[in-house]
Amino acid sequence: MEQNSIVTISGLIKRFPIGKGHFTALNGIDLTFSKGQFAGVVGPSGSGKTTLLNIIGSLDNPTEGKANVLGQEIGNLSTKKAALLRRKHLGFIFQTYNLLPVYTVFENVEFPLLLLNMSGSERKKAVMDSLDWVGIADKVKSRPAQLSGGECQRVAIARAMVKKPELVLADEPTANLDSENSHHILQTMENLNKDLQTTFIFATHDDKVIKYLKRKILLEDGKVTADDIITN
Amino acid sequence: MLSLKLAWRNLVGAGLRTWLNVIVLAFVLFMMIWHYGLLDGWNQQANKDMQAWEVGNGQYWHQNYDPYDFFTLEESHAKIPEALNKATTDGIITPVLITQGSVYPDGRIQSMLLKGINPDQKVVAIPGTDLNTESEEIPVVIGRRMAKNCKLQEGDITTIRWRDVNGTFDAAEVKVVKVFNCNVPSVDAGQMYIHIKKVQEMMQAPDEATMFIIGEDFEMNETVSGWEYKDFDFLMTEMNEMMKMKKVGGSFMYVILMLLAMLAIFDTQVLSIFRRQKEIGTYIAMGMTRRQVVSLFTVEGAMHAILAVIFIAIFGTPLLIWLMSVGMSMPAGSDDMGIAIAETIYPVYGAGLIIGTSLLVFIITLIVSYLPARKISKMKPTDAIKGKIQ
Ligand SMILES: Nc1ncnc2c1ncn2[C@@H]1O[C@H](COP(=O)(O)OP(=O)(O)O)[C@@H](O)[C@H]1O
Ligand SMILES: [Mg+2]
């Protein structure tokens with residue numbers, strides 16, 4: 001394993017059973033992500049991006065090969081150990097925001113901290129900091145239904161960032177957003193990446209996102225066909 | 001506890017459906033407490049009345065006496081035994097001599113029990129003093145039911161017949177000197193009370209008795225030969241059995257009501273687990289263990305019961321207290337059921353009843369909430385996040 005790599009994938013194969021046979025969604029992936037990267041898995045719909053992110057996020061297991069995330073072997077984790085890994089070290093951002101509808105903005109962002117048994121005053125400070133980063137601190141008392149899509153996604157980012165995780169996985173975060181909101185969100189995440197050294201891995205086929213990436217991994221039919229570090 | 005806090009947020013957020021479930025559950029719970037409280041109140045009142053009018057603090061029965069067999073009454077009396085003599089004279093226990101007879105109201109024949117009692121007895125509440133009335137006819141006292149049945153009123157004169165020890169029929173005119181009102185049908189219906197001396201004369205059985213009713217302050221350690229001691233609980237067995245049956249009978253209704261309420265909660269749980277897959281997936285992605293999510297949804301369901309109890313504590317308690325004070329008037333004719341029943345029953349809502357019933361409802365709700373929630377642990381988080389499980 002490299003010095004500061006936080007994700008190491010080798011020979012990863014993922015097959016889904018379909019009828020009597022199976023479908024190979026990932027077909028021999030070798031990848032390493034280092035701390036602080038702002039990377040994206042790019043490729044057409046159905047190429048396996050979500051499947052890859054799910055395995056890195058310990059929500060799914062490899063069929064073959066290895067996926068080591070923050071020193072833990074995903075395939076060997078019990079569901080409880082996997083839950084603890086996610087709880088402590090991973091943040092998720094989804095295309096559909098996945099905010100809890102009956103909770104206020106504050107309560108949504110507070111949620112990961114409740115799982116970590118943080119005290120009330122610590123939670124309050126962390127939540128307000130996080131809402132400041134994404135620029136939505138004035139909406140603490142609102143509920144998701146009262147927010148625009150862009151605002152919802154900012155709350156989702158605040159929720160992913162509030163515990164300052166090592167790694168954030170963002171699956172098509174801009175797919176439901178207009179270009180202005182997309183840029184705003186990407187800028188926010190770029191800043192967080194710089195300020196907190198948080199590693200980001202995106203799955204996207206949106207050009208607006210691709211422009212911001214510092215590393216672009218092209219995935220086609222379950223295989224990595226290009227892996228470029230972008231410097232400018 | 002975390003899941004309590006989260007469950008509360010979710011439940012309140014779910015709005016109307018939650019409150020509907022809570023109200024249904026609270027209604028069932030209230031009905032159960034109300035009804036069982038009524039039965040308990042009835043039971044207490046019946047016990048009290050039966051003790052006051054019939055059972056006393058126990059009885060001595062002549063060894064042949066069988067209250068269910070009128071035909072053996074003729075062999076079921078004997079001289080007042082030495083051992084009970086003093087207590088009898090002191091009025092601590094009172095003798096009753098029973099025989100079969102018939103009365104002829106309006107020319108109809110109606111059989112009955114003639115009960116000879118001491119007019120001055122204070123052991124049970126039957127008003128005997130009027131039996132001392134001087135009159136040409138034999139003075140008798142009857143209860144309201146007997147009076148209604150035979151169309152007799154105070155002051156009426158009628159004929160009675162009985163058999164003496166030799167088995168020959170004899171007849172006499174009697175005068176109703178008093179009609180008493182009593183909640184205990186078994187001391188009233190089909191019975192006529194006469195001065196015990198008169199019955200002893202009628203039966204040619206001087207100083208004899210069929211049984212004794214025991215009052216307070218009576219203590220007796222030795223057995224009285226030829227007589228059987230029956231304690232209070234024994235004499236109440238039938239009554240208690242009947243009350244138990246009534247409770248069981250009433251329970252069927254609550255089983256059905258509970259089933260309906262539980263169906264509503266089960267349905268809510270199934271629906272909410274189905275509709276909230278994405279939320280469940282999100283909980284798991286954020287690092288909740290499956291067990292935590294299952295317990296969150298279980299607590300959410302069970303909280304319906306907690307809210308129902310709180311609901312009753314707030315709105316039901318004043319109502320129950322009010323019902324306890326005004327009592328519940330029983331419809332006319334309900335005393336034909338043969339159980340002692342007052343015109344107004346005062347329900348008794350004991351802590352045991354309320355806590356027990358609430359706990360029962362809570363535990364059933366908990367189980368019903370858990371069953372559908374178990375399904376969560378079989379969900380694949382990757383599917384749940386997208387909300388695409390069928
Ligand atoms: N649970 C599953 N069962 C069967 N096939 C699946 C499952 N998940 C994904 N796939 C298939 O794997 C392929 C890759 O899916 P996915 O990773 O979602 O692609 P992307 O995110 O790049 O659009 C698709 O063809 C999809 O149909
Ligand atoms: Mg995808």
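Below, chain A is the first sequence line, B the second, and so on; all start at residue 1.
Other residues, nucleotides and ligands contribute more than 12 heavy atoms inside 6.0 Å of the CG atom of Asp267(B). Residue Lys35(A) places its NZ atom among more than 12 non-hydrogen atoms of other residues, nucleotides or ligands, all under 6.0 Å distant.
Between the side chain of Arg86(A) and the main chain of Ile284(B), a donor-acceptor pair closer than 3.5 Å is present.
Of residues 134-173 of chain A, those residues with a non-hydrogen atom less than 4.5 Å from any non-hydrogen atom of chain B are, in numerical order, Arg159(A), Lys163(A). Within residues 108-115 of chain A, the residues that have a heavy atom under 4.5 Å from a heavy atom of chain B are Glu110(A), Phe111(A), Pro112(A), Leu114(A), Leu115(A), listed by number. Using a 4.5 Å cut-off between non-hydrogen atoms, no part of residues 14-30 of chain A approaches chain B.
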Give every donor-acceptor pair under 3.5 Å between a side-chain atom in residues 28-41 of chain B and any protein atom, sequence neighbours left out.
from: His35(B); atom 1: ND1; to: Tyr254(B); atom 2: OH; distance (Å): 3.2
from: Tyr36(B); atom 1: OH; to: Ser251(B); atom 2: OG; distance (Å): 2.8
from: Asp40(B); atom 1: OD1; to: Lys247(B); atom 2: NZ; distance (Å): 2.8

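Gln95(A) does not touch chain B: none of its heavy atoms, backbone or side chain, sits under 4.5 Å away.
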message: One pair to check against side chain to side chain contact (heavy atoms under 4.5 Å, CB included): Lys386(B) and Thr96(A). What are the steps and the verdict?
response: CA-CA 8 Å; Lys386(B) 293 181 224 154; Thr96(A) 50; over 6 Å; no
message: The test is side chain to side chain contact (heavy atoms under 4.5 Å, CB included); show your working for Leu6(B) and Tyr103(A) and say whether it passes.
response: CA-CA 10 Å; Leu6(B) 300 179; Tyr103(A) 289 14; 3.4 Å; yes
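In terms of heavy-atom proximity, Ala285(B) sits nearest to Phe94(A) at CB-CZ, 3.8 Å.
For the set Gly91(A), Pro101(A), Ala83(A), Ala82(A), the entry with the most heavy-atom pairs within less than 4.5 Å of chain B is Ala83(A). Of the residues considered (Glu279(B), Arg290(B), Lys278(B)), Lys278(B) shows the highest number of contacts with chain A, using heavy-atom pairs under 4.5 Å. Your options are Arg276(B), Arg291(B), Gln292(B), and the one with the most heavy-atom pairs under 4.5 Å with chain A is Gln292(B).
The CG atom of Asn10(B) sits 7.5 Å away from atom CG of Leu100(A), with the distance rounded to the nearest 0.5 Å. Atom OG1 of Thr382(B) sits about 4.5 Å away from atom CG of Asp60(A), to the nearest 0.5 Å.
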